[in-house]
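First comes the structure, then the notes that go with it.
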Amino acid sequence: MTTLPTPAGATAAAGAKAPVVVETSPAQYLTFLLGGEMFAVGILNIKEIIEYGTVTEIPMVPPFIRGVINLRGAVVPVIDLASRFGGKRSEVSRRTCIVIIELTENDERQDVGVVVDAVSEVLEIPASEIEPPPSFGAKIRADFIKGMGKVNGKFVILLEVEKVLSVDEIATLARVATDGGSADLTGGGAPSA
């Protein structure tokens with residue numbers, strides 16, 4: 001008995017749905033170290049990785065804003081992620097990098113640089129290996145965490161870059177700093193007494 005190959009489009013004509021490959025295929029993430037912990041950002045958000053170089057400081061901004069860099073003629077703000085998460089500023093070493101992340105907000109593209117201790121590698125993490133973010137116990141704000149990826153028996157914190165690097169929130173925090181207000185600029189924890 002001979003089986004004939006099914007003509008292309010025959011299943012679509014019969015009303016059957018094609019399987020969705022996007023949900024089951026592993027997503028790629030750039031992993032990096034920050035304060036001894038492993039974090040990851042979706043590779044589609046990464047524009048490039050550059051050496052930590054000259055960062056021009058800007059007065060009267062929150063401490064987590066390192067300043068700006070000139071990236072091929074464009075002014076790109078640089079955020080210190082360790083400080084943004086409520087810790088102290090990152091110490092610059094020979095492995096310190098600036099990861100340029102492209103954000104899209106209100107149909108506008110904005111490049112933002114983030115200071116990381118060291119870039120690790122690009123990993124593929126299947127959706128089945130990603131747990132929801134913890135509701136408590138994390139060192140950073142829960143809304144900054146997209147999920148917890150399991151890689152070789154260890155967790156990697158997957159960041160929600162749109163929240164961490166929200167242009168609107170950072171602009172609001174910068175305004176508070178220039179107004180001389182005393183607000184909790186990290187967004188985590190209660191105001192100090």
Side-chain angles (χ1 to χ4, degrees), residues 27-58 60-71 74-105 109-123 125 130 133-134 136-149 151 154-174 176-177 183-189:
Q28 291 188 324
Y29 295 90
L30 175 72
T31 59
F32 55 87
L33 286 170
L34 194 61
E37 289 197 53
M38 186 70 72
F39 292 88
V41 173
I43 198 78
L44 296 178
N45 294 100
I46 307 297
K47 197 166 183 181
E48 62 186 290
I49 302 164
I50 60 174
E51 275 185 41
Y52 188 90
T54 306
V55 177
T56 305
E57 290 191 25
I58 302 172
M60 307 293 288
V61 294
F64 64 83
I65 299 177
R66 279 278 176 134
V68 295
I69 58 171
N70 179 347
L71 187 65
V75 176
V76 176
V78 177
I79 307 296
D80 188 320
L81 273 187
S83 182
R84 174 75 168 130
F85 294 158
K88 60 181 183 172
R89 289 181 90 167
S90 297
E91 295 292 325
V92 177
S93 72
R94 63 179 190 81
R95 294 192 67 203
T96 302
C97 296
I98 298 175
V99 179
I100 307 297
I101 297 177
E102 185 177 72
L103 301 172
T104 305
E105 202 167 311
R109 292 181 191 267
Q110 169 74 44
D111 289 344
V112 176
V114 294
V115 177
V116 301
D117 293 343
V119 170
S120 196
E121 61 185 320
V122 173
L123 294 176
I125 305 175
I130 298 175
F136 63 91
K139 293 180 182 176
I140 64 175
R141 284 176 27 186
D143 62 329
F144 285 177
I145 303 174
K146 186 179 209 169
M148 304 294 288
V151 179
K154 295 181 180 178
F155 278 115
V156 175
I157 301 169
L158 308 179
L159 294 177
E160 186 74 67
V161 290
E162 289 78 14
K163 298 278 187 184
V164 174
L165 304 174
S166 166
V167 176
D168 291 340
E169 183 177 343
I170 289 171
T172 300
L173 294 172
V176 167
D184 177 20
L185 299 178
T186 62

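Numbering of residues begins at 1 and proceeds along the displayed sequence. Side chains included, hydrogens not; waters and symmetry mates left out as well; all remaining heavy atoms used.
With a 4.5 Å cut-off on side-chain heavy atoms, L158 and I125 count as touching.
Residues meeting the side-chain hydrogen bond (donor to acceptor under 3.5 Å, both in side chains) test with T96, sequence neighbours left out: S93. When the salt bridge (Lys or Arg N to Asp or Glu O under 4.0 Å) test is applied to R94, no partner is found at least two apart in sequence or on another chain.
Listed here is the closest heavy atom pair of R66 and V55: O-CG1, 3.6 Å. Across all their heavy atoms, M148 and P133 have their closest contact at CG-CA, 4.4 Å. Closest of all the heavy-atom pairs between I69 and T54 is CG2-O, 3.5 Å. Between E48 and L71, the shortest heavy-atom distance links the atoms OE2-CD2, 3.8 Å. The shortest non-hydrogen separation linking K163 to F144 is O-CE2, 3.7 Å. Here the closest heavy-atom approach between residue A40 and residue V156 is recorded as CB-CG1, 3.6 Å.
The backbone N or O of S90 sits less than 3.5 Å from a side-chain atom of D80, completing a donor-acceptor pair. The backbone N or O of E121 sits less than 3.5 Å from a side-chain atom of T31, completing a donor-acceptor pair. In this structure, the side chain of N45 does not engage the main chain of I101 through any donor-acceptor pair within 3.5 Å.
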Going through the distances and angles, do F85 and F39 end up as a ring pair (Phe, Tyr, Trp, His ring centres under 6.0 Å)?
CA-CA 12 Å; F85 294 158; F39 292 88; 5.5 Å; yes
Go through it in stages, so that I can follow the logic: the residues are F32 and L81, the test is side-chain contact (heavy atoms from CB on, under 4.5 Å), and I'd like the CA-CA distance, side-chain angles, deciding distance and then a yes or no.
CA-CA 11 Å; F32 55 87; L81 273 187; 3.9 Å; yes
L33 and M38: side-chain contact (heavy atoms from CB on, under 4.5 Å), yes or no, with the steps?
CA-CA 5 Å; L33 286 170; M38 186 70 72; 4.0 Å; yes
I58 and T56: CA distance, side-chain angles, deciding distance, side-chain contact (heavy atoms from CB on, under 4.5 Å) verdict
CA-CA 7 Å; I58 302 172; T56 305; 5.8 Å; no
side-chain contact (heavy atoms from CB on, under 4.5 Å) between V99 and L30: does it pass, once the steps are laid out?
CA-CA 10 Å; V99 179; L30 175 72; 4.0 Å; yes
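Taking CD1 of I130 as the start and OH of Y29 as the end, the distance is 3.5 Å to the nearest 0.5 Å. In this structure, the separation between CD1 on I157 and CD1 on I145 is 5.5 Å, given to the nearest 0.5 Å. Taken to the nearest 0.5 Å, the NZ atom of K47 stands 5.0 Å off from the CD atom of E102. Separation of atoms CD (E57) and CD1 (I65) is listed at 12.0 Å; rounding is to 0.5 Å. In this structure, CZ on R84 lies 11.0 Å from CG on L159, to the nearest 0.5 angstrom.
Environment of CZ in R89: crowded, with over 12 heavy atoms of neighbouring residues, nucleotides or ligands closer than 6.0 Å.
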